[in-house]
Amino acid sequence: MDELQPLMVQRLRKVNELKKEGTNLFPNDFRVEKTCEDLVNRFGQATPDELKMVKESFSLAGRIMAMRDFGKAAFIHIQDRRGKIQVYVRSDRVGKKSFGLFKKMDIGDFMGITGTLFRTKTDELTLDAESIRLLTKSMRPLPEKWHGLRDVETRYRQRYLDLLVNPKVKEIFTKRTRIIQLIRQFLDARDFLEVETPMMQPIPGGATARPFKTHHNALDMDLYLRVAPELYLKRLVIGGFERVYEVNRNFRNEGISTQHNPEFTMLELYQSYATFEDLMALTEEMVCFIAQNVLGGLALEYQGGKIDLSPPWKRLTVKEAILQWGRIDSKTLQDYDKALKYAQGLGIPLEKGIPPGKIITELLDEIVEPHLIQPTFVTHYPTDVSPLSRRNQDHPDLVDRFELYIAGKEVANGFSELNDPVDQRERFIKQLEQGNVGEMEGHRLDEDFLHALESGMPPTAGEGIGIDRLVMLLTDSPSIREVILFPLLKPQRE
RNA sequence: GGGCCGUUAACUCAGUCGGUAGAGUAUCUGCCUUUUAAGCAGAGAGUCGCUGGUUCGAGUCCAGCACGGCCCA
């Protein structure tokens with residue numbers, strides 16, 4: 001315990017008094033029958049007279065969140081996982097001994113109550129306690145009831161307090177779980193199989209990102225936390241799991257921002273005999289299914305802007321998109337030097353020698369992305385920045401790939417998969433030669449994956465959806481830290 | 001990495017021109033058996049993020065550092 005603060009000293013005094021009286025401060029034999037929500041759902045509409053007819057007693061437990069003391073009686077609010085209910089504790093009903101114990105309870109303590117229901121003068125459904133138990137004594141005070149906990153840093157560092165006193169925060173994380181449940185429900189119903197693939201990989205593959213490194217002592221082997229599960233999921237497709245998905249964490253050793261946390265949650269799915277177009281349809285359907293269930297409709301507000309998820313979503317090619325919002329014509333865009341100069345003129349720090357496709361995607365991020373507020377699929381990316389995507393039949397320098405943008409954020413990335421092992425080998429080698437990947441620690445030619453691909457992968461389409469960003473969108477959260485329970489923060493200096 | 005902002009009681013926040021550190025909630029004491037931000041009366045509670053500087057005197061001005069937020073790269 002840190003240096004004893006006055007408030008803790010006062011609580012410790014009560015603790016010692018209770019111990020001396022023989023009270024167990026941490027019992028675990030109270031039987032909980034109901035949640036607050038159960039009682040509100042069942043009796044919330046009942047009139048005072050109807051409640052008088054209910055002779056039944058109910059037992060519930062929870063944390064004391066508010067207390068209004070009248071000397072020989074008190075009103076308190078009890079909060080459990082499903083809600084809150086008011087409890088009336090009076091000396092003449094619970095008995096003098098229990099009431100003496102109650103007087104030593106604090107906001108923040110856990111309490112078990114058995115009682116009957118009534119309605120107060122001010123019409124609030126209230127449990128009239130006939131017996132009470134202290135279930136856990138708390139030693140520190142909770143944040144203030146009215147303003148709650150506002151300090152962002154404390155909210156993240158002491159998320160338990162944030163969850164306790166800020167109901168909206170609890171709601172966001174409940175929604176997050178609901179969203180992931182709905183994803184599973186949606187994909188399971190379409191005969192996708194959920195799998196788990198390695199988090200620790202000898203070669204980090206599937207995305208261009210700096211990995212976290214770790215070491216296995218017994219094998220004396222360096223390992224990397226995965227930046228994507230892609231190459232393992234494809235191995236499973238090769239192994240005959242024609243429809244697979246995984247919802248789990250990826251790790252990227254890069255910057256932190258309102259859009260980026262070093263560990264983040266991704267859905268990746270693979271469907272054999274499907275194309276990137278099939279996956280656009282699936283994405284549209286799945287996101288609408290989730291929104292319908294979580295929001296009750298397809299209209300939502302994100303940070304003051306209105307977003308309509310009603311299908312069909314807009315689709316346009318990368319080229320069309322750049323020509324629409326950029327001040328550049330088709331001919332200039334196709335000329336490497338001119339396109340590079342144009343990009344540099346916009347303040348994008350690019351050096352000569354970068355792959356042509358990189359100019360295109362940088363331009364996309366810079367001039368198109370902010371405009372893509374309503375859901376939009378941008379399609380047909382350059383091949384040289386899409387090493388795992390299948391080439392377009394008619395334009396081999398483009399791939400059958402899409403990215404989904406909503407509210408100016410990249411939410412999904414999918415493509416028809418490259419299943420030609422010879423082409424794949426060449427593209428891996430080219431990627432590594434280009435430096436930005438090759439120089440990144442751990443990235444090297446994954447012979448084991450190529451070996452698998454040489455055994456034959458059926459025509460397949462795959463996609464990744466950023467779950468954190470999807471949750472941000474559906475909960476109107478401005479920062480990724482609002483949708484991750486314990487976002488990464490630097491340790492606090494003592 | 002750069003710019004701007006923040007850090008004061010357990011929580012939410014004031015703090016004027018540099019001159020004894022403030023409020024509400026919470027806590028403690030007393031009264032109170034239908035309150036709900038209960039009420040009334042009283043009390044206690046501070047390393048003003050940290051380190052240094054300027055000054056007779058620093059929460060306040062200056063520099064550096066830490067952590068966080070927003071924006072930019």
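None of the values given here were measured: they were computed from a predicted structure. So that the names make sense, note that chain A is the first sequence line, chain B the second, and so on, each numbered from 1.
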Using atom [atom1] in both nucleotides, what's the gap between [N] and [M] to the nearest angstrom?
N: B/C56; M: B/A41; atom1: P; value: 47 Å
N: B/U47; M: B/G3; atom1: P; value: 32 Å
N: B/C61; M: B/G42; atom1: C1'; value: 40 Å
N: B/C50; M: B/U16; atom1: C1'; value: 27 Å
N: B/U8; M: B/G68; atom1: P; value: 15 Å
N: B/U33; M: B/A10; atom1: C1'; value: 30 Å
N: B/G2; M: B/G44; atom1: C1'; value: 47 Å
N: B/G22; M: B/C48; atom1: C1'; value: 12 Å

Identify whether any heavy atom of [X] sits under 4.0 Å from a base atom; if not, whether one sits that close to sugar-phosphate; answer base, sugar-phosphate or nothing.
X: A/K490; result: sugar-phosphate
X: A/D151; result: sugar-phosphate
X: A/R481; result: sugar-phosphate

**Study point:** Contact list for residues 339-353 of chain A, test side chain to side chain donor-acceptor pair (under 3.5 Å), sequence neighbours left out
**Key:** A/D337-A/K352
Got a list of side-chain donor-acceptor pairs under 3.5 Å for residues 80-87 of chain A, not counting sequence neighbours?
residue, atom, partner, partner atom, Å
A/D80, OD1, A/R82, N, 2.9
A/D80, OD1, A/G83, N, 3.0
A/D80, OD2, A/C36, N, 2.7
A/R82, NE, A/E37, OE1, 3.0
A/R82, NH2, A/E37, OE1, 3.1
A/Q86, OE1, A/R68, NH2, 2.8
A/Q86, NE2, A/T126, OG1, 2.9

Which residues pass the ring-ring contact (aromatic ring centres under 6.0 Å, His included) test with [X], not counting sequence neighbours?
X: A/F377; value: A/W313, A/F402
X: A/Y224; value: none
X: A/F43; value: A/F58

For a quick test of your reading: what N or O donor-acceptor pairs under 3.5 Å do the side chains of residues 23-31 of chain A make, sequence neighbours left out?
residue, atom, partner, partner atom, Å
A/T23, OG1, A/L18, O, 3.4
A/N24, OD1, A/F26, N, 2.9
A/D29, OD1, A/R133, NH1, 3.4
A/D29, OD1, A/R133, NH2, 2.8

Review point. In residues 154-176 of chain A, which residues come under 4.0 Å of RNA chain B by heavy atom?
Key: A/Y156, A/R157
Review point. Listed in order of residue number, which residues of residues 73-85 of chain A have a non-hydrogen atom at under 4.0 Å from RNA chain B?
Key: A/A73, A/F75, A/H77
**Study point:** Summary of salt bridge (charged side-chain N to carboxylate O under 4.0 Å, His left out) pairs that have at least one residue in residues 479-488 of chain A, sequence neighbours excluded
**Key:** A/R155-A/E482
Review point. Which of parallel (below 30°), tilted (30 to 60°) and perpendicular (above 60°) describes A/F212 and A/F251?
Key: perpendicular
Check your understanding: Hey, what's the ring geometry for A/F75 with A/Y88, parallel, tilted or perpendicular (30° and 60° as the breaks)?
Key -> parallel
Revision key, fill the gap. Among B/G68, B/A10, B/C32, the one nearest any side-chain atom of A/E153 is B/G68
Study note, to complete from the structure: Closest of B/U12, B/G68, B/U35 to the A/L489 side chain is B/G68
**Study point:** Check: A/K314/A/Q374 side-chain N/O donor and acceptor closer than 3.5 Å
**Key:** no
Distances for protein N/O vs nucleotides 24-28 of chain B N/O pairs under 3.5 angstrom?
residue, atom, partner, partner atom, Å
B/A26, OP1, A/K145, NZ, 2.9
B/U27, O2', A/Q10, OE1, 2.0
B/U27, O2', A/Q10, NE2, 3.4
B/C28, OP1, A/K14, NZ, 2.3
B/C28, O4', A/Q10, NE2, 3.3

What nitrogen or oxygen pairs link the protein and nucleotides 71-73 of chain B at under 3.5 Å?
none

Point to revise | Presence of A/R68 side-chain N/O under 4.0 Å of B/A38 phosphate oxygens OP1/OP2 | key: yes
Review point. Looking at B/U33, does its base get a donor-acceptor pair with the side chain of A/Y88 below 3.5 Å?
Key: yes
Review point. With Watson-Crick and G-U wobble geometry limited to distances under 3.5 Å, how should the secondary structure of RNA chain B be encoded in dot-bracket form, using | for bases paired to another strand and [ ] for crossing pairs?
Key: (((((((..((((.....[..)))).(((((.......))))).....(((((..]....)))))))))))).
Exercise for review: Please confirm whether A/F276 and A/H380 have ring centers closer than 6.0 angstrom.
Suggested key: yes
